[in-house]
Amino acid sequence: MHADRERRLARLERMANTLDTKFRLPLVGIPVGWDSILGLVPGIGDLVTVGPGAWTIIEGHRLGARKRALARMTLNTGIDAVLGGIPLIGDAFDVFFKSHRRNVALLRRDLAERDLVHQCESKNAVHA
């Protein structure tokens, strides 16, 4: 079970890195990804990157993430879509916000916390 979960999380991380940090801006070295590049296309770019954000949320649900983590992931994706859609300001915002990487990190933390809670509950049940 953990091997499948790790494989799915690794796939989400590869996608997030492609969308948020695949390239470096020349001279300044700031990492950008396809989310920032596609965001330069008015109207279409930010809409296209909502799909992978939604997929991360769906996978989080399938992997057993808690509701508060899924809500925060949804908020991050929504903020990225709304603010990223503002011409020029949104393009700068996309360079720094990196919602896809935030969401995968949030999902990993939530699943690790959930595992820890289950381990403690199992130990307490054995000792009871």
Side-chain angles (χ1 to χ4, degrees):
M1 171 125 164
H2 282 295
D4 178 57
R5 180 171 86 179
E6 190 53 41
R7 181 183 54 78
R8 290 162 76 181
L9 286 168
R11 189 175 348 145
L12 289 173
E13 279 181 336
R14 283 191 305 273
M15 180 208 51
N17 289 336
T18 299
L19 288 169
D20 288 341
T21 59
K22 176 96 174 148
F23 313 102
R24 292 207 172 269
L25 289 177
L27 303 176
V28 291
I30 296 172
V32 297
W34 285 109
D35 188 353
S36 299
I37 294 167
L38 292 171
L40 295 171
V41 179
I44 298 170
D46 291 299
L47 199 59
V48 168
T49 61
V50 168
W55 178 51
T56 303
I57 296 163
I58 291 166
E59 277 291 282
H61 175 72
R62 290 177 181 156
L63 290 168
R66 293 176 286 193
K67 288 180 183 176
R68 72 173 173 208
L70 295 171
R72 190 159 169 211
M73 291 167 67
T74 302
L75 180 65
N76 287 342
T77 301
I79 289 170
D80 188 25
V82 171
L83 294 182
I86 300 171
L88 298 178
I89 294 168
D91 299 325
F93 175 78
D94 274 342
V95 169
F96 296 102
F97 188 63
K98 315 232 181 279
S99 69
H100 305 286
R101 287 179 48 102
R102 282 176 187 260
N103 283 347
V104 173
L106 179 61
L107 178 57
R108 275 198 178 276
R109 272 193 316 273
D110 185 69
L111 294 174
E113 288 173 13
R114 191 193 69 182
D115 287 348
L116 188 59
V117 167
H118 287 309
Q119 286 174 357
C120 290
E121 288 173 351
S122 295
K123 285 181 183 179
N124 287 340
V126 170
H127 295 299

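Keep in mind that what you see is a predicted model, and the values were worked out from it rather than measured.
Summarising the local packing, CD1 of Ile89 is surrounded by 12 or fewer heavy atoms from other residues, nucleotides or ligands at distances under 6.0 Å.
Ile79 CD1 to Leu83 CG: the interatomic distance, rounded to the nearest 0.5 Å, is 6.5 Å. The OG1 atom of Thr18 sits 10.5 Å away from atom CZ of Arg101, with the distance rounded to the nearest 0.5 Å. The CD1 atom of Ile58 sits 10.0 Å away from the CE atom of Met73 when rounded to the nearest 0.5 Å. Distance CZ/Arg102 to CG/Leu107: 15.5 Å, rounded to 0.5 Å. To the nearest 0.5 angstrom, Leu106 atom CG is 9.5 Å from Leu111 atom CG.
Applying the ring-ring contact (aromatic ring centres under 6.0 Å, His included) test to residues at least two apart or on different chains, the pairs with a partner in residues 36-95 are Phe93-Phe97. Pairs of residues two or more places apart, or lying in two chains, never qualify as salt bridge (charged side-chain N to carboxylate O under 4.0 Å, His left out) while including a residue from residues 17-31. The stretch residues 75-91 participates, sequence neighbours left out, in these side chain to side chain donor-acceptor pair (under 3.5 Å) pairs: Asn76-Asn103, Thr77-Asn103, Asp80-Ser99.
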Exercise for the section: Tell me, with the steps shown, if Arg72 and Ile57 meet side chain to side chain contact (heavy atoms under 4.5 Å, CB included). Expected result: CA-CA 10 Å; Arg72 190 159 169 211; Ile57 296 163; over 6 Å; no
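Arg66 is linked by a salt bridge (charged side-chain N to carboxylate O under 4.0 Å, His left out) to Asp110, Glu113, counting only residues two or more places apart in sequence or in another chain. For Arg108, the side-chain hydrogen bond (donor to acceptor under 3.5 Å, both in side chains) partners are Glu6, Glu13, not counting sequence neighbours. Arg8 meets the side-chain hydrogen bond (donor to acceptor under 3.5 Å, both in side chains) test with Asp4, Glu59; sequence neighbours excluded.
When the side chains of ILVMFWY residues are joined at heavy-atom separations under 4.5 Å, either directly or via intervening members, Leu63 and Leu70 end up in a single hydrophobic cluster.
Applying the 4.5 Å side-chain rule to ILVMFWY residues, one finds that Leu47 remains a lone member of its cluster.
Of all non-hydrogen atoms in Val104 and Leu9, the two that sit nearest each other are CG1-O, 4.5 Å.
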In residues 28-42, what donor-acceptor pairs under 3.5 Å come from side-chain atoms, sequence neighbours left out?
unit_1: Asp35; atom_1: OD1; unit_2: Thr49; atom_2: OG1; d: 3.2
unit_1: Asp35; atom_1: OD2; unit_2: His100; atom_2: NE2; d: 3.2
unit_1: Ser36; atom_1: OG; unit_2: Asp94; atom_2: O; d: 3.3

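In this structure, the side chains of Arg11 and Arg7 come closer than 4.5 Å at one or more pairs of heavy atoms.
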